[in-house]
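Keep in mind that the numbers below use all heavy atoms, side chains included, and drop hydrogens, waters and symmetry copies. Residue numbering restarts at 1 for every chain, and letters A, B, ... go by the order of the sequence lines. Predicted model only: the values in this text are computed from it and were never measured.
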Number of protein chains: 2
Amino acid sequence: MTPSRDEKKKITRQTILEAARACFEAEGYEATSVRDIASAAEVSAGSVIHHFGSKRELLYATLFEDLETTMREALSLCTSPPLGAQLDAMTRHIFSYYLRRPRLSRVLLKESLFAEEPWASRFREQTARLHGAVEALAGDAMRRGELSPVVDARMLAMAYVSFYYFALLAWAQGGHEDPARLVSVQMAQHLRGLSSARTTGG
Amino acid sequence: MTPSRDEKKKITRQTILEAARACFEAEGYEATSVRDIASAAEVSAGSVIHHFGSKRELLYATLFEDLETTMREALSLCTSPPLGAQLDAMTRHIFSYYLRRPRLSRVLLKESLFAEEPWASRFREQTARLHGAVEALAGDAMRRGELSPVVDARMLAMAYVSFYYFALLAWAQGGHEDPARLVSVQMAQHLRGLSSARTTGG
DNA sequence: GAATTTTGTTGAACGTGTTTAATGTTTTTG
DNA sequence: CAAAAACATTAAACACGTTCAACAAAATTC
């Protein structure tokens with residue numbers, strides 16, 4: 001019953017991943033050295049790099065799946081209209097993931113926003129899915145008559161994502177305690193409409 | 001005529017700064033080592049760190065002033081109404097600074113968004129000044145009757161800044177050629193107003 | 001003006017992430 | 001089953017940013 005090389009590889013990978021997650025959560029990303037992770041996983045530092053390419057990619061590996069799960073949950077949330085409430089629920093669900101790990105989220109945000117391929121694509125895809133979900137909800141709202149039929153759902157979704165990242169960055173910089181509320185307030189302002197043209201014009 | 005210690009210090013600092021700027025522009029931030037800068041400035045690596053604290057702070061020092069100048073220029077731009085045109089002019093002026101140095105801007109954006117003190121405050125202050133300028137322009141627009149008097153100028157400014165950073169990040173990730181246009185389009189949508197309440201209600 | 005303190009400068013050294021050459025074992029090939 | 005290829009693993013080495021002890025020279029003190 002000698003374990004095959006593939007099995008051993010997978011076990012080693014998993015061991016390193018768990019050791020890394022533990023070290024990162026306990027000490028933070030920067031304070032954790034590759035050698036720390038290696039000795040916690042009882043392998044050499046070279047082996048850690050061999051399996052994951054770099055320390056940064058190890059960070060991605062530890063956090064991406066969790067974020068993916070959270071995102072999927074958020075997108076499958078079935079909140080009842082109006083649109084504002086639906087978006088709020090989504091925002092809150094996703095942000096709760098970040099708020100639970102302030103230190104790691106900060107570095108994840110920093111590194112994921114400026115990742116190289118193939119991670120850049122993966123993170124971009126997550127954002128694209130969020131964008132798509134908001135667009136779909138906006139479409140529903142238009143069909144309900146809650147939004148004017150001339151609204152561009154794609155633009156609305158882009159505005160949401162802008163507010164989303166702004167709030168996330170403001171929070172990561174220590175500026176806001178409740179980023180979800182910030183998104184909510186900004187989105188409400190956006191939906192309310194600002195131009196006086198509608199009140200004075202035809 | 002032995003130069004005083006203060007003078008010598010200033011000269012050394014300036015020499016290092018110029019060497020660093022040259023290296024960063026030529027090779028990029030990550031590809032430039034502290035030792036490269038040191039030998040270009042004909043000092044030791046330790047001296048470079050002694051003067052600037054860290055390689056990252058040297059990056060801030062090389063780029064912050066330029067950005068500061070650009071920002072000040074943008075804020076003192078006197079474009080004629082409507083508000084949208086005024087904001088577009090500002091956006092374009094600032095973004096032209098980034099677009100001129102794509103590689104360095106990318107790393108500056110990354111590092112400045114997540115800087116530690118005292119740089120964090122400085123960059124936050126720049127954003128705050130941008131925010132303030134937009135708020136003032138929005139106030140003018142309200143007094144002109146261009147915007148509804150119920151509009152919250154601070155919220156409008158926050159929306160602008162959100163679009164601003166979203167476009168900048170999208171550009172830095174290689175997604176958009178013309179981030180200024182992206183801001184313009186999003187801001188136009190925001191000003192136009194989205195809710196059908198205004199057409200059906202009141 | 002001598003003694004003392006301050007401080008700009010340096011080269012060596014530290015810990016870092018990553019690379020590399022060598023090794024032993026598993027898998028594949030013939 | 002033997003020969004060959006593939007590959008996970010490691011220790012040593014590398015370049016990196018940064019720290020440090022030592023030094024020399026300028027500034028300060030008395």
Side-chain angles (χ1 to χ4, degrees), chain A residues 1-21 23-24 26-63 104 107-108 110-111 114-117 119, chain B residues 1-21 23-24 26-62 107-108 110-111 114-117 119:
Chain A
M1 64 148 287
T2 51
S4 82
R5 189 140 73 181
D6 266 19
E7 289 170 19
K8 268 173 90 172
K9 187 179 176 180
K10 237 170 207 169
I11 290 170
T12 307
R13 229 191 104 97
Q14 197 57 33
T15 306
I16 293 172
L17 202 64
E18 277 160 23
R21 178 177 277 123
C23 290
F24 288 160
E27 307 291 336
Y29 174 73
E30 274 124 21
T32 301
S33 77
V34 173
R35 286 168 180 83
D36 288 343
I37 299 167
S39 78
E42 296 182 308
V43 295
S44 72
S47 203
V48 172
I49 298 295
H50 174 259
H51 277 284
F52 290 92
S54 71
K55 185 188 173 186
R56 190 174 297 175
E57 294 199 62
L58 189 46
L59 176 76
Y60 296 151
T62 55
L63 296 180
L104 273 186
V107 55
L108 173 64
K110 173 174 180 179
E111 299 301 336
F114 298 92
E116 305 92 45
E117 298 298 343
W119 291 98
Chain B
M1 62 145 287
T2 49
S4 81
R5 190 141 70 178
D6 268 18
E7 290 169 19
K8 268 173 90 173
K9 187 179 176 179
K10 238 169 205 168
I11 291 171
T12 307
R13 230 192 103 96
Q14 198 57 33
T15 308
I16 293 171
L17 201 63
E18 278 160 24
R21 180 178 275 121
C23 289
F24 287 160
E27 307 291 336
Y29 175 73
E30 273 126 22
T32 300
S33 77
V34 172
R35 286 167 180 84
D36 288 342
I37 299 168
S39 76
E42 295 181 309
V43 295
S44 71
S47 205
V48 173
I49 296 295
H50 174 259
H51 277 283
F52 290 92
S54 71
K55 184 187 173 187
R56 190 176 296 175
E57 294 200 59
L58 189 47
L59 175 75
Y60 296 152
T62 56
V107 54
L108 173 65
K110 173 174 178 177
E111 299 300 336
F114 298 91
E116 304 93 46
E117 298 299 342
W119 290 99

Review point. Do any side-chain nitrogens or oxygens of B:H50 fall under 4.0 Å of OP1 or OP2 in C:dG8?
Key: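 So the side-chain polar atoms of B:H50 do come within 4.0 Å of the phosphate oxygens OP1 or OP2 of C:dG8, strictly under.
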Practice item. Answer yes or no: does a side-chain N or O of B:T12 lie under 4.0 Å from OP1 or OP2 of C:dG8? Key: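 For C:dG8, OP1/OP2 do not have a side-chain N/O of B:T12 under 4.0 Å.
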Whole angstrom is fine here: how far is it from [atom1] in [X] over to [atom2] in [N]?
| X | N | atom1 | atom2 | result |
| --- | --- | --- | --- | --- |
| A:D6 | D:dA6 | CG | P | 16 Å |
| A:I37 | C:dG17 | CD1 | C1' | 11 Å |
| A:E7 | D:dC7 | CD | C1' | 16 Å |
| B:F52 | D:dT18 | CZ | P | 13 Å |
| A:L58 | C:dT16 | CG | C1' | 15 Å |
| B:K8 | D:dA25 | NZ | P | 9 Å |
| B:E42 | C:dT10 | CD | P | 10 Å |
| A:L59 | C:dT18 | CG | P | 12 Å |

Check your understanding: Going by the ring pair (Phe, Tyr, Trp, His ring centres under 6.0 Å) test, which pairs reach into residues 42-62 of chain B, not counting sequence neighbours?
Key ->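 Listed by first then second residue: B:Y60-B:W119, B:Y60-B:F123.
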[X], nearest nucleotide to its side chain (from [options]):
| X | options | result |
| --- | --- | --- |
| A:S44 | C:dT9, D:dT9, C:dT18 | D:dT9 |
| A:K55 | D:dT18, C:dG17, D:dA8 | C:dG17 |
| B:S47 | C:dT10, C:dG8, D:dT10 | C:dT10 |
| A:S54 | C:dG8, C:dT18, D:dT10 | C:dT18 |

Practice item. Using only heavy-atom distances, decide whether a donor-acceptor pair under 3.5 angstrom links the side-chain of B:R35 to the base of D:dG17. Key: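 Donor-acceptor pair under 3.5 Å: yes.
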Review point. Can you name the one residue among A:D36, A:T62, A:L63 that meets side-chain contact (heavy atoms from CB on, under 4.5 Å) with A:F24?
Key: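 Among A:D36, A:T62, A:L63, the one that satisfies the side-chain contact (heavy atoms from CB on, under 4.5 Å) with A:F24 is A:T62.
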Check your understanding: Any side-chain hydrogen bond (donor to acceptor under 3.5 Å, both in side chains) pairs touching residues 10-20 of chain B, not counting sequence neighbours?
Key ->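 Found B:Q14-B:E18.
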Check your understanding: Is a donor on one side and an acceptor on the other found under 3.5 Å between the side chain of A:K55 and the backbone of A:Y29?
Key ->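 Checked: pair present.
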Check your understanding: Between A:A31 and A:G46, which is nearer to the 5' end of DNA chain C once each is assigned its nearest nucleotide?
Key ->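 Result: A:A31.
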Review point. In Å and rounded to the nearest 0.5 Å, what is the CZ to CD1 distance from A:R21 to A:I37?
Key: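 Spacing of CZ (A:R21) from CD1 (A:I37) equals 12.0 Å.
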